[in-house]
2 protein chains.
Amino acid sequence: MKIGELSERSGLSRDTIRFYEKNGLISSSASQSETNNYRQYSDDVLLQLRFVSSGREVGISIADLRELMKAFFASCDPSEAENVIVAKRAELKTRLEQIENVVSFLDAALVKVREGLGDT
Amino acid sequence: MKIGELSERSGLSRDTIRFYEKNGLISSSASQSETNNYRQYSDDVLLQLRFVSSGREVGISIADLRELMKAFFASCDPSEAENVIVAKRAELKTRLEQIENVVSFLDAALVKVREGLGDT
DNA sequence: CCAAACCGTGGACCATGGTCTATTGTTTTG
DNA sequence: CAAAACAATAGACCATGGTCCACGGTTTGG
């Protein structure tokens, strides 16, 4: 598919897709036509973009996502790939704990706010 | 305490502390001396900074943190404060789910990578 | 056929969240 | 008392992660 369709199906703008490609998060095959140089994307790229989106949403940097994508796909060294993935997984686990802490803090704050509210 | 001590105790740089203050995340009392205009911070600010740091680490924006700090402290309208906190809490809960999804994805990826590794 | 819609590239532009650098004034301490 | 350490302000600077724009080529639908 061409970038327009990929954009539509992934929910990312054409610009963002090109930006991700330039940064090595995805890649396109060479154009099918001889007369243009339109990017051509396989269906797999759609799945990859979904992962990238999720990753971005939870705050994984472009640089780290590039490492991860490389680990998933083009890695010639599986044990290196494993390391990358394990490391990022651990990082996310830590992040989970941190968020839980903040949530607890907010819960405590809520209790106080409600107390201050009087007889509710 | 003065900014140097606060910096030391909070682990944030002086610049960052001034930046946070300028952005309304914390505030200092007027200087005690007549001859200087050094910021003077109460111990409470240290706690506030700890929360701000945690918040930043989990990706809460400066703008949102400002709202939260306002809700915790200077809010004259407790029900408004409650709304702010409840909303952010919900957002973090969503974030938790998203991260869990990404972790699951990484787990699945690990399985595949290890399969590819052969007889381990 | 030709206009609209699409694609490519390069570079400017933007917000966010700091960080660094002068420059100047204040305090502390040996 | 003088130097070192600390503080203030303003503004430049930086990385990240896009977003937008201008310009020119290609494709497609009526």
Side-chain angles (χ1 to χ4, degrees), chain A residues 1-42 45 48-69 88 91 95 98 102, chain B residues 1-42 45 48-69 88 91 95 98 102:
Chain A
M1 79 190 88
K2 283 179 290 181
I3 199 169
E5 188 184 343
L6 185 60
S7 169
E8 191 119 336
R9 292 173 68 183
S10 68
L12 298 172
S13 76
R14 289 172 177 76
D15 274 339
T16 298
I17 293 172
R18 283 190 280 249
F19 174 76
Y20 286 167
E21 183 166 357
K22 192 168 59 182
N23 284 277
L25 271 51
I26 54 169
S27 49
S28 56
S29 29
S31 167
Q32 289 172 324
S33 161
E34 292 287 301
T35 54
N36 69 29
N37 57 337
Y38 291 2
R39 291 168 173 85
Q40 195 60 225
Y41 296 100
S42 71
V45 175
Q48 295 170 25
L49 275 186
R50 290 205 218 285
F51 175 75
V52 167
S53 288
S54 309
R56 290 295 307 127
E57 272 171 36
V58 305
I60 304 179
S61 72
I62 301 283
D64 284 6
L65 281 172
R66 179 168 48 239
E67 290 306 297
L68 283 171
M69 299 312 279
K88 182 50 76 178
E91 223 178 290
R95 178 69 57 91
Q98 293 175 319
V102 175
Chain B
M1 80 191 88
K2 284 180 291 182
I3 199 168
E5 189 184 343
L6 185 60
S7 169
E8 192 119 334
R9 293 173 69 183
S10 67
L12 297 172
S13 75
R14 290 174 178 75
D15 275 337
T16 298
I17 292 172
R18 284 190 280 250
F19 174 77
Y20 286 168
E21 182 166 356
K22 193 169 55 180
N23 283 276
L25 270 52
I26 56 171
S27 49
S28 56
S29 28
S31 167
Q32 288 172 324
S33 161
E34 292 287 302
T35 55
N36 69 29
N37 58 337
Y38 292 2
R39 291 167 173 84
Q40 196 58 227
Y41 297 101
S42 71
V45 175
Q48 293 170 25
L49 274 187
R50 290 205 217 287
F51 175 75
V52 167
S53 288
S54 309
R56 290 295 308 129
E57 272 172 34
V58 306
I60 303 180
S61 72
I62 301 282
D64 284 6
L65 281 171
R66 180 168 46 239
E67 291 305 297
L68 284 171
M69 298 313 278
K88 183 50 74 177
E91 223 178 291
R95 178 69 57 92
Q98 293 175 319
V102 175

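In this text, all values refer to a predicted model and were calculated from it rather than measured experimentally. Order of the sequence lines fixes the chain letters, A, B, ..., with proteins taken first and strands second; residue numbering starts at 1 for each chain.
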Q: List, one per line, each side-chain donor-acceptor pair under 3.5 Å for residues 1-9 of chain A, sequence neighbours excluded.
A:
unit_1	atom_1	unit_2	atom_2	d
A/Glu5	OE2	A/Arg9	NH1	3.1
A/Ser7	OG	A/Leu12	O	2.7

Q: Provide the closest heavy-atom pair for B/Val102 versus A/Ser54 in the form atom of the first, atom of the second, distance.
A: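 Smallest interatomic distance, heavy atoms only, reads CG2-CB, 4.0 Å.
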Q: If you define the side chain from C-beta out and look only at heavy atoms, does anything of B/Ile62 sit under 4.5 Å from B/Phe19?
A: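 The answer is yes, as the side chains (C-beta and beyond) meet within the 4.5 Å cut-off.
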Q: Could you list the protein-to-nucleotides 27-30 of chain D atom pairs, N/O on both sides, closer than 3.5 Å?
A:
unit_1	atom_1	unit_2	atom_2	d
D/dT27	OP1	A/Ser33	OG	3.1
D/dT27	OP1	A/Thr35	OG1	2.8
D/dT27	OP1	A/Asn36	ND2	2.9
D/dT27	OP2	A/Thr35	OG1	3.2

Q: Which parts of residues 55-66 of chain A get close to DNA chain D, meaning a heavy atom less than 4.0 angstrom away?
A: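 Per residue number, the list reads A/Arg56, A/Ser61, A/Ile62.
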Q: Going from CD1 on A/Ile60 to CZ on A/Arg95, what distance comes out if it is rounded to the nearest 0.5 angstrom?
A: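 Output value for this atom pair is 8.5 Å.
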Q: Whole angstroms only, please: what is the CE-P distance between A/Met1 and C/dC7?
A: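 Rounded to the whole Å, the gap is 12 Å.
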Q: For B/Ile3 and C/dG25, give me the distance from atom CD1 to atom P, rounded to whole Å.
A: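 Rounded to whole Å, this separation is 20 Å.
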Q: For a side-chain contact (heavy atoms from CB on, under 4.5 Å) check, start with the C-alpha distance between B/Tyr20 and B/Leu65, then their side-chain angles and the critical distance, and finish with the verdict.
A: CA-CA 10 Å; B/Tyr20 286 168; B/Leu65 281 171; over 6 Å; no
Q: Within a strict 4.5 Å, meaning less than it, do heavy atoms of the A/Val45 and A/Ile17 side chains meet?
A: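 No, their side chains stay 4.5 Å or more apart.
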Q: Taking side chain as C-beta onward, heavy atoms only, is A/Leu68 less than 4.5 Å from A/Phe51?
A: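 Side chain of A/Leu68 against side chain of A/Phe51, heavy atoms only: contact under 4.5 Å found.
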Q: Going by the rule salt bridge (charged side-chain N to carboxylate O under 4.0 Å, His left out), which residues pair with A/Glu21 if we only count those two or more places apart in sequence or in a different chain?
A: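 Salt bridge (charged side-chain N to carboxylate O under 4.0 Å, His left out) list for A/Glu21, sorted by chain: A/Arg39.
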Q: Could you state the atom-to-atom distance from CD1 of B/Ile26 to P of C/dG18 in whole Å?
A: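 Distance, rounded to whole Å: 12 Å.
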Q: Tell me, which of residues 8-25 of chain B have any heavy atom that sits under 4.0 Å from an atom in DNA chain C?
A: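 The stretch gives B/Ser13, B/Asp15, B/Thr16, B/Phe19, B/Tyr20 as the residues lying under 4.0 Å from the strand, ordered by number.
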Q: Examine D/dA7: is either OP1 or OP2 under 4.0 Å from a nitrogen or oxygen in the side chain of B/Arg39? Give yes or no.
A: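 No, no such contact exists.
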Q: Looking at CZ of B/Arg18 and OG of B/Ser28, how far apart are the two atoms once the value is rounded to the nearest 0.5 Å?
A: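 Taking CZ in B/Arg18 and OG in B/Ser28, the distance rounds to 11.0 Å.
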Q: Please name the pair of heavy atoms, one in A/Met69 and one in A/Leu25, separated by the smallest distance, quoted to 0.1 Å.
A: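 So the two residues come closest at CG-O, 3.5 Å.
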Q: Whole-Å distance between C/dC7 P and A/Asn37 CG?
A: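 It is 12 Å, rounded to the nearest whole Å.
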Q: Separation of B/Glu5 atom CD from D/dA7 atom P, in whole Å?
A: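 So the CD-P distance, B/Glu5 to D/dA7, works out to 10 Å.
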Q: What pairs of residues pass the salt bridge (Lys or Arg N to Asp or Glu O under 4.0 Å) test when at least one of them lies in residues 53-66 of chain A, not counting sequence neighbours?
A: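 Output for this query lists A/Asp64-A/Lys88.
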